[in-house]
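Just the heavy atoms: all of them, side chains too, but no hydrogens, waters or symmetry mates, feed the values below. Below, chain A is the first sequence line, B the second, and so on; all start at residue 1.
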Amino acid sequence: MYHPRELYPSLGTGYRLGPPQPGADSSFPPALAEGYRYPDLDTPKLDCFLSGIEAAPRTLAAPPPLPPLPPALGTEPPPPSAPEGLHSLPGVSLSLENRELWKEFNSVGTEMIITKAGRRMFPACRVSVTGLDPEARYLFLLDVVPVDGARYRWQGRRWEPSGKAEPRLPDRVYIHPDSPATGAHWMRQPVSFHRVKLTNSTLDPHGHLILHSMHKYQPRIHLVRAAQLCSQHWGGVASFRFPETTFISVTAYQNPRITQLKIAANPFAKGFRENGRNEVG
DNA sequence: TCAGCTACCACTTTTGAAATGA
DNA sequence: ATCATTTCAAAAGTGGTAGCTG
């Protein structure tokens with residue numbers, strides 16, 4: 001048993017993404033790879049946790065793009081039983097563990113607070129995985145991508161598009177702190193991304209995922225078969241997204257029903273429940 | 001003027017080191 | 001001496017809100 005946090009103390013944060021290096025051994029045609037970014041290994045932070053591991057090559061192979069994103073928040077029919085995704089890892093599947101909670105939020109229109117210092121997502125993305133090679137090593141990654149090219153505005157009762165989206169911000173990816181770990185490790189128990197933090201600070205120095213406020217986003221989870229964090233040759237890639245995890249980023253909650261749901265479901269907000277801070281008497 | 005953002009507040013859970021016990 | 005459990009203070013995570021800003 002190894003202890004990833006000791007080996008890679010910087011793991012669990014997000015890293016700036018950059019384009020594939022020329023000459024990378026991509027398994028996919030350039031056209032399909034377009035739009036997908038990879039950890040930029042030039043960042044000092046990444047170099048930091050790479051020290052001590054083998055001198056790793058600097059480019060990761062490219063998975064193909066994901067299918068089109070779902071329709072407007074809160075208006076879509078119930079999602080299919082399986083997440084949409086693309087595989088070069090045959091037999092591997094992911095399921096959203098806290099799907100019922102996500103569906104509850106999604107039925108109202110999920111909002112996620114973003115702050116300068118970084119705010120966790122609630123609900124968090126928690127998935128269980130099957131079909132991995134128990135002996136092989138894998139990386140688990142999470143990123144958040146814009147759903148469309150619109151900015152949104154809360155109009156008292158619903159979210160409505162309100163102009164063009166802000167220019168896209170630098171892509172970052174969150175590397176699950178257990179990465180890399182064996183398939184047996186990942187399949188042993190659900191994989192939680194509850195430590196992911198979202199920020200609206202474009203100059204964020206902490207590696208949090210940078211988003212624009214009042215924009216609609218979709219989290220994606222990527223599973224990469226690779227012995228090392230920065231292995232030159234990926235043994236395969238599977239990318240997943242769950243339509244019910246779509247959300248709008250805000251700096252303050254707009255929909256009171258979302259506030260109620262957050263208070264009811266998030267243990268840290270217990271003080272705001274009726275039998276908590278607001279209790280009369 | 002006002003929508004959106006920030007800092008701070010009170011409250012809660014989580015974390016980890018120290019103390020204690022077997 | 002070692003390991004497991006308990007205790008407790010500090011850190012971190014919540015939404016509310018007043019005030020600021022462009």
Through direct or indirect side-chain contacts below 4.5 angstrom among Ile, Leu, Val, Met, Phe, Trp and Tyr, which residues connect to A:F268? none
Residues two or more places apart in sequence or in another chain: which of them pass ring-ring contact (aromatic ring centres under 6.0 Å, His included) with A:W102? none
Starting at the 5' end of nucleotides 1-8 of chain B, put B wherever the base has a protein heavy atom under 4.0 Å, S where only the sugar-phosphate does, and a dash everywhere else. --SSBB--
Just jot down the salt bridge (charged side-chain N to carboxylate O under 4.0 Å, His left out) partners of A:E160, sequence neighbours excluded, or say none. A:R158
Name the residue closer to the 5' end of DNA chain C, choosing between A:G118 and A:T259 according to the nucleotide with the nearest heavy atom. A:G118
Nearest-Å distance, CD (A:E166) to C1' (C:dG22)? 13 Å
Heavy-atom nearest nucleotide on DNA chain B taken for A:A269 and for A:H194; more 5' hit belongs to A:A269
Donor-acceptor list for residues 251-261 of chain A side chains, cut-off 3.5 Å, not counting sequence neighbours:
| from | atom 1 | to | atom 2 | distance (Å) |
| --- | --- | --- | --- | --- |
| A:Y253 | OH | A:K262 | NZ | 3.4 |
| A:Q254 | NE2 | A:A252 | O | 2.8 |
| A:N255 | OD1 | A:R257 | N | 3.0 |

Please determine whether a side-chain nitrogen or oxygen atom of A:K270 lies at a distance below 4.0 Å from atom OP1 or OP2 of B:dT13. yes
C:dG15 P sits how many Å from A:I258 CD1, rounded? 11 Å
Using distance only, find each side-chain donor-acceptor pair of residues 121-133 of chain A under 3.5 Å and give its atom names and separation, not counting sequence neighbours.
| from | atom 1 | to | atom 2 | distance (Å) |
| --- | --- | --- | --- | --- |
| A:S128 | OG | A:S95 | OG | 2.7 |
| A:S128 | OG | A:E97 | OE2 | 2.9 |
| A:T130 | OG1 | A:S93 | OG | 2.8 |
| A:D133 | OD1 | A:E135 | N | 2.9 |

One would report the end-axis bend of the helix from B:dC2-C:dG22 to B:dA22-C:dT2, five pairs per end and rounded to 10 degrees, as 30°
Counting the benzene-type ring for Trp, do A:W186 and A:Y138 have ring centres under 6.0 Å apart? no
Taking only residues two or more places apart in sequence or in another chain, which ones pass side-chain contact (heavy atoms from CB on, under 4.5 Å) with A:A184? A:P134, A:T182, A:R188
Who pairs with A:T245 by side-chain hydrogen bond (donor to acceptor under 3.5 Å, both in side chains), at least two apart in sequence or on another chain? A:Q218
Atom pair distance, as rounded to whole Å: CG in A:N266 and P in B:dT12: 13 Å
Is it true that the side chains of A:H215 and A:S249 contain a donor and an acceptor less than 3.5 Å apart? no
Between C:dG13 atom P and A:M112 atom CE, what is the distance in whole Å? 15 Å
Between C:dG13 (C1') and A:F272 (CZ): distance, integer Å: 11 Å
Is the closest side-chain donor-acceptor distance between A:N200 and A:H212 under 3.5 Å? no
Name all residues meeting the salt bridge (charged side-chain N to carboxylate O under 4.0 Å, His left out) criterion together with A:R120; count only those two or more places apart in sequence or in a different chain, and write none if there are none. none
Base, sugar-phosphate, or nothing: which does A:Y253 touch, judged by heavy atoms less than 4.0 Å apart? sugar-phosphate
Between C1' on B:dT13 and CZ on A:R273, what's the gap in Å once rounded to a whole number? 11 Å
Taking atom P of C:dG13 as reference, at what distance in whole Å does atom CD1 of A:I263 sit? 19 Å
Atom pairs, protein N/O to nucleotides 6-12 of chain C N/O, distance under 3.5 Å:
none

Nearest-angstrom distance from the residue atom CZ of A:F122 to C1' of B:dT12: 13 Å
Results of side-chain hydrogen bond (donor to acceptor under 3.5 Å, both in side chains) for A:S162 - residues two or more places apart only: none
